[in-house]
K.L.:
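Starting off with a structure, shown below.
So you know, we letter chains A, B, ... as the sequences are listed, proteins then strands, and number each from 1. Predicted model only: the values in this text are computed from it and were never measured.
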Amino acid sequence: MKKEIAKHYDPAATEGPIYRRWLEAGAFAAFPDGRGEDRRYVVMMPLPNVTGALHMGHAMDNVMQDLLIRWHRMLQDNTLWMPGTDHAGIATQAVVEKRLFELEGKTRHDIGREGLVRRIWEWKEEYQQRIIGQQQEMGCSCDWDRQRFTMDPVCTRAVREAFFRLFRDGLIYRGDRLVNWDCQLQTAVSDDEIVHETIQGHFWHIRYPVIEPKPGEPPFVTVATTRPETMLGDTAVAVHPDPAGELERLITELPARIAAAPARDRAGLEAGLEEARRRKDELLPHLLLLRTMAADGRRVLLPLLDRPIPLILDEWARPELGSGCVKITPGHDPNDHDVWKRHRVEIGIVNILNPDGTLNANAGPYAGMDRLEARRKVVADLEAGGRIEAVEDREIEIGHSDRSKTPIEPYLSKQWFVRMGEVESGILCGRGTKKEFRAPGLAQAAIDATDPAYRSPSGRRLEFHPDPERYRGTYVSWLAEKRDWCISRQLWWGHRIPIWRGSFDRSALGGILKKMPPASSEELHVWVADQEGNLLPPRDEDLPAEGRFDLLACLRDPAAEKAWAGALAELGLVQDPDVLDTWFSSALWPFSTLGWPDPATAEVEAGKPGLGGKDGAPDCLSTYYPGSCLVTGRDIITLWVARMQLMGLYLLGDVPFTDCFIHANIQDGKGERMSKSKGNGIDPADIIEKYGADAMRYVLCDMQTGTQDIRLPVQAVSPYTGKLVDLATARHGRTVFTYVDPETGKEFDVLGTIPDLPVAKIISERFEVGRAFCTKLWNAARFALMSLEEEPAGDFRLFRFAELEPEDRWVLARLRRAVEAVTAGLADYNPSQALGAAREFFWGELCDWYLELIKPRLKQGAADRRAGAVLALVLDQVLRLIHPFVPFISEALWESLGGLRPRRGADEELDCRGPLITAAWPVARADWRDEGAESDMGLLQGVVRAVRNWRSTAGCPPSRKIAAVVKAGGEDAAALVRTAPGISHLAALSGLEIRAEFDRPKTAAKVVHSGLEIFLLDVIDVEAERKRLEAGLARWRKDLERTDKKLANPGFVEKAPAEVVAEERRRLEAARREIALLERSLADLS
RNA sequence: GGGCGGUUAGCUCAGCGGUAGAGUAUCGGUCUUACAAACCGGGGGCCGCAGGUUCGAACCCUGCACCGCCCACCA
């Protein structure tokens, strides 16, 4: 079968059809089968949010996964890559709400919960399609039939089951906490969803008058704040219980710390010491007085509201800072909240905020104002009342919501939490499984799972790559805080919390508990919570005699809900309106997608493969859990990796994956992380359109070297001049998405967000490397295929390594090394190294040397079939090696190769059936070693390079053939005889003689290479020749001098390892030899 | 404020104790029948700065400077 191969590679015409063929062949599909545990490879895709389209950072993430998956598929593992998308609760709702307001001027309250959720589903459908389209364009070989969304029925069921189990085990509680409140989205957000920004602010010092001061007592105390409006919620002023001792301790300890501190910190510490001493002398009497007043129960009057509040003693008030006194606002400051917890009986707690950020009735005359407006008014009123002692300008760090970009307010509200820390008597992990074990607490279980010395009951642990210790440090240090995880969000988009609750007085509680529906403990779990949030068993006789209590009832699944929710409602319990943090459902992703808790009954969409076992085959959960490798960026380690680990360990008794590959982040030309919101993101589709998917993948793999981050400078093609504009230096226009063309001063857009501005295409010359590689691959294959066309495909003969020519054996020996190097690079999570090894073999050895060498043999046709057979074999192996990196072009060439040469191999016939995507990964054959051939080729390359070098400096083009004589004897001569035809061909010689003795004719040039003298006849230009020889001599003399000096150093000779010294001696000898030859050549010239 | 990482050719990055590397850009040459999106050849580096350890330092140690990332409650 003859098939024309196009002269140029056209990615756009090739990629789509190839991808469709893979899909039709079911090449991405995974099914449980008989392959053992060590032959599975499972990757769970980090779920892209459905908030928007993907950028190059996602492309990196997806390409890394596809690389590993394709490699393992070729290793013949049972390979599952589970794709999916995340509902991304807060982020998606924020985007849709924003759009609703911009386009229709409506808020979520105008269209209601149902209406908003419906719109978010519409948005999700649109962006999910867009994301899948992008991933398919990149060549991602995920099992699309198994694709999941975090709000699919099967995932939702897992969320509910996980919640039920955590709740039953007392690991979920409802607490009165200060949370990070987003006043715009009106929800709590987690610490991880906050970004801190430094802004210019003020520090106000305010005087609170002392109520009826006694003689000698100060008329007021001064406190300071950056948020003056919070004073409306003050319930105390604190002073340190032992200011003298505290200052003394500082003065004693600081000198030691100063001595140990780095120089740059010293000045600050010394100033601190000086200040502490000054305070001891000047401020201490005042503080001691205040302490006595506090102990005496004295009070101060809160200005503006004229509310008496107590002076209290608490260590939070640091005598070395500010006035030594601190206002206490338990409702709006986390530290003050802690103070309140220590002084519950003495002081109150006041919430002054409404959920939307306006002040409530507790703010008295300021009620109804926005908090920032109130701040101005409070300051003005305090000033008018002479209460402001001083105002300082100061840089302050303000937490902003990552989603709405508005300042976060600490806000007192009831939220749901997962208990991360140790639990008395520990927690049972993997309950009901064979891997059941006890752990001190959720966070500790996840920490232990990464300890190299630790062996889980399953024998598995988690390891990070490519820098195990560094990333483990990030993971452990975050988990070690064991901060309870706030899982409730006041949103409408997400998994509803499956709790029905009511608040009852102790007197009513007994009766309610008696009337609880007769649901089994497998359907319903009930806790009673006291005002502190402590969980108590719902037994009337065990409860405290009085107080107010929350009754919390969790219904396990929709069936239980259907059966008993009505009964709960009749008792006065209502379902909690909140939804779960999006990370709660994504933490379950490694097993919720596989049908946990029961694959047999997992509900999947029509037409999708089921998750239960069929015809005796195991089910998906037992086959694909635990998974293999999670591929993601550093920032996700705490947000997601840690949470998947602890959920997997708790619910299934095993780590969800054993390896975590942390890849580099993509930065823009300024070195800032690429992100859509920054406006510096680029759509992989732009790059694919211009350079092709393989070119993009090639470059992403090549950039992934193991360092932190990768700079990707991009340029825009100016829509005004057509010239390139470097976005790293261009000025922004009216938004971060627009830039100003430096030449015309006109503005353009890069994302198509501003309707009236022209859009500039984005390019990055980095990707030209990838395109060049594809072109080279295409051309080399085209040459090979054209050559192979010459002979009939039918008469395949399996040649033996030993019967091949030296260059054939050389290329196979090099192939063997390349297979080892590529495999090792992939195993080490170093795609760049793996790709480099493949490229070096393909380009630097196969194309540059082997193909050129065998051209004459290929022309001989039937006389020597060996070159063609080796060529087909090596091309086969190169395509396999390169396929995970550049899947489209390699698959296309594989098809052409198969058409011409369906049977390939040497020593052993290869299995070449089927598409490349499922072909076997190359094996490094131990018997393809040939040091003799490699040394012959080394000589050939050296001589050819020497002649080319001379040609270049002498300006003698290859079209001018030259006769040459090499003076050599012994083994060198024998090797030259073997390689002479190749040398002649590659160095464009008209003839090459090897002689033991030869005197240079006057018309010959001479070049030397490793002791050999090469005479190029009838070419001489004496002056040019002299200059060239002198330059060579200078280089060698410099080398000799360096080596000589090194060997003359007795320290070196005595202390350096013997082989290093021997190597230097060899160098010295080589230099002397070359110098002697060159000197003789120079002498010959005259 | 704490932690982690980076600083090597114009650019993007390897190398991490034994003569400074790749790709790209640049310069010179070549249309050698697969490939000018190529081939051949060349130039270009106080390996951020200052000390130290070592026979020997881009590499190890200690400072300093600048850049980036993560974490953080200082009134």
K.L.:
Can you measure from CZ (A/R771) to CG (A/D694) and round to the nearest 0.5 angstrom?
P.N.:
13.0 Å
K.L.:
Quick one: which of B/U12, B/C13, B/C40 gets closest to the side chain of A/T705?
P.N.:
B/C13
K.L.:
Between C1' on B/G28 and CZ on A/R951, what's the gap in Å once rounded to a whole number?
P.N.:
16 Å
K.L.:
Does A/E481 or A/A781 map to a spot on RNA chain B nearer the 5' end, using the closest nucleotide for each?
P.N.:
A/A781
K.L.:
Nearest to the side chain of A/F783, heavy atoms from C-beta on, is which of B/A34, B/U30, B/U33?
P.N.:
B/A34
K.L.:
Within this structure, what is the CD-to-P distance between A/E852 and B/A38, rounded to whole angstrom?
P.N.:
15 Å
K.L.:
Once hydrogens and angles are ignored, does a donor-acceptor distance under 3.5 Å link the base of B/C40 to the side chain of A/R945?
P.N.:
no
K.L.:
Do A/V641 and A/T632 make a side-chain contact, defined as non-hydrogen atoms from C-beta onward lying under 4.5 Å apart?
P.N.:
yes
K.L.:
Among B/U33, B/C73, B/A37, which nucleotide sits nearest the side chain of A/W316?
P.N.:
B/C73
K.L.:
Please classify the nucleic acid contact of A/K961 as base, sugar-phosphate, or nothing, using heavy-atom distances under 4.0 Å.
P.N.:
nothing
K.L.:
Would the distance check show the side chain of A/R1042 and the main-chain N or O of A/R1037 forming a donor-acceptor pair, the cut-off being under 3.5 Å?
P.N.:
no
K.L.:
With nearest nucleotide decided by heavy atoms, which residue, A/T775 or A/R1035, maps closer to the 5′ end of RNA chain B?
P.N.:
A/T775
K.L.:
What is the nucleic acid contact for A/C847, judged by heavy atoms within less than 4.0 Å: base, sugar-phosphate only, or nothing?
P.N.:
base
K.L.:
May I ask you to say what A/N335 touches in the nucleic acid, namely base, sugar-phosphate or nothing, with a heavy-atom cut-off under 4.0 Å?
P.N.:
base
K.L.:
From CD of A/Q715 over to P of B/U12, roughly how many Å is that when rounded to an integer?
P.N.:
12 Å
K.L.:
Could you give all pairs that pass the salt bridge (charged side-chain N to carboxylate O under 4.0 Å, His left out) test and reach residues 847-859 of chain A, with sequence neighbours left out?
P.N.:
A/E807-A/R857, A/D808-A/R857, A/E852-A/K855, A/R857-A/D864
K.L.:
In this structure, how many angstroms lie between the P atom of B/G5 and the CZ atom of A/R711, rounded?
P.N.:
19 Å
K.L.:
Roughly, in whole Å, what's the span from NZ in A/K1045 to C1' in B/C55?
P.N.:
13 Å
K.L.:
Rounded to the nearest angstrom, tell me the gap between atom OH in A/Y471 and atom C1' in B/C71.
P.N.:
16 Å
K.L.:
Taking Watson-Crick (N1-N3 plus N6-O4 or O6-N4) and G-U wobble (N1-O2, O6-N3), each under 3.5 Å, can you produce the dot-bracket string of RNA chain B? Use [ ] for crossing pairs and | for inter-strand ones.
P.N.:
(((((((..((((....[..)))).(((((.......))))).....(((((..]....))))))))))))....
K.L.:
Between A/N665 and B/C69, does any side-chain N or O lie under 4.0 Å from OP1 or OP2?
P.N.:
no
K.L.:
For the residue pair A/F773 and A/F842, does the interplanar ring angle fall in the parallel (under 30°), tilted (30 to 60°) or perpendicular (over 60°) class?
P.N.:
perpendicular
K.L.:
As a test of reading the structure: which of B/C4, B/C40, B/C35 is closest to the side chain of A/R470, going by heavy atoms?
P.N.:
B/C4
K.L.:
Pairs in or reaching into residues 313-325 of chain A: which pass salt bridge (charged side-chain N to carboxylate O under 4.0 Å, His left out), with residues at least two apart or in two chains?
P.N.:
A/D314-A/R342, A/R318-A/E320
K.L.:
What's A/A317 touching, base or sugar-phosphate or nothing? Going by heavy atoms closer than 4.0 Å.
P.N.:
base
K.L.:
With respect to A/K327, which candidate in A/D333, A/T230, A/T235, A/D336 satisfies the side chain to side chain donor-acceptor pair (under 3.5 Å) definition?
P.N.:
A/T230
K.L.:
Would you say A/K776 reaches B/C39's phosphate, i.e. side-chain N/O to OP1/OP2 under 4.0 Å?
P.N.:
yes
K.L.:
Base, sugar-phosphate or nothing for A/K7? Non-hydrogen atoms, less than 4.0 Å.
P.N.:
sugar-phosphate
K.L.:
Got a salt bridge between A/R472 and A/D467, using NZ or NE/NH1/NH2 to carboxylate O under 4.0 Å?
P.N.:
no
K.L.:
How would you list, by chain and number, every residue that makes a salt bridge (Lys or Arg N to Asp or Glu O under 4.0 Å) with A/R782, sequence neighbours excluded?
P.N.:
none
K.L.:
Report the distance from atom CZ of A/R673 to atom C1' of B/G6, rounded to the nearest whole Å.
P.N.:
17 Å
K.L.:
Counting only heavy atoms not in A/E481, do more than 12 fall under 6.0 Å of its CD?
P.N.:
yes
K.L.:
Would you call A/Y475 and A/T638 a side-chain contact if the rule is heavy atoms closer than 4.5 Å?
P.N.:
no
K.L.:
Could you identify which residues of residues 829-836 of chain A place a heavy atom less than 4.0 Å from some atom of RNA chain B, listed by residue number, or say none?
P.N.:
none
K.L.:
Students often get this wrong, so: under 4.0 angstrom with heavy atoms, is A/P334 touching a base, only sugar-phosphate, or nothing?
P.N.:
nothing
K.L.:
Flag the pair A/E1063 and A/R1066 as a salt bridge only when some basic side-chain nitrogen lies within less than 4.0 angstrom of an acidic carboxylate oxygen.
P.N.:
yes
K.L.:
One pair to check against ring pair (Phe, Tyr, Trp, His ring centres under 6.0 Å): A/F220 and A/Y208. What are the steps and the verdict?
P.N.:
CA-CA 5 Å; A/F220 53 80; A/Y208 289 7; over 10 Å; no
K.L.:
If a protein heavy atom is under 4.0 Å from the base, mark B; if only from the sugar-phosphate, S; if neither, -; do that for nucleotides 18-24 of chain B going 5' to 3'.
P.N.:
BB---S-
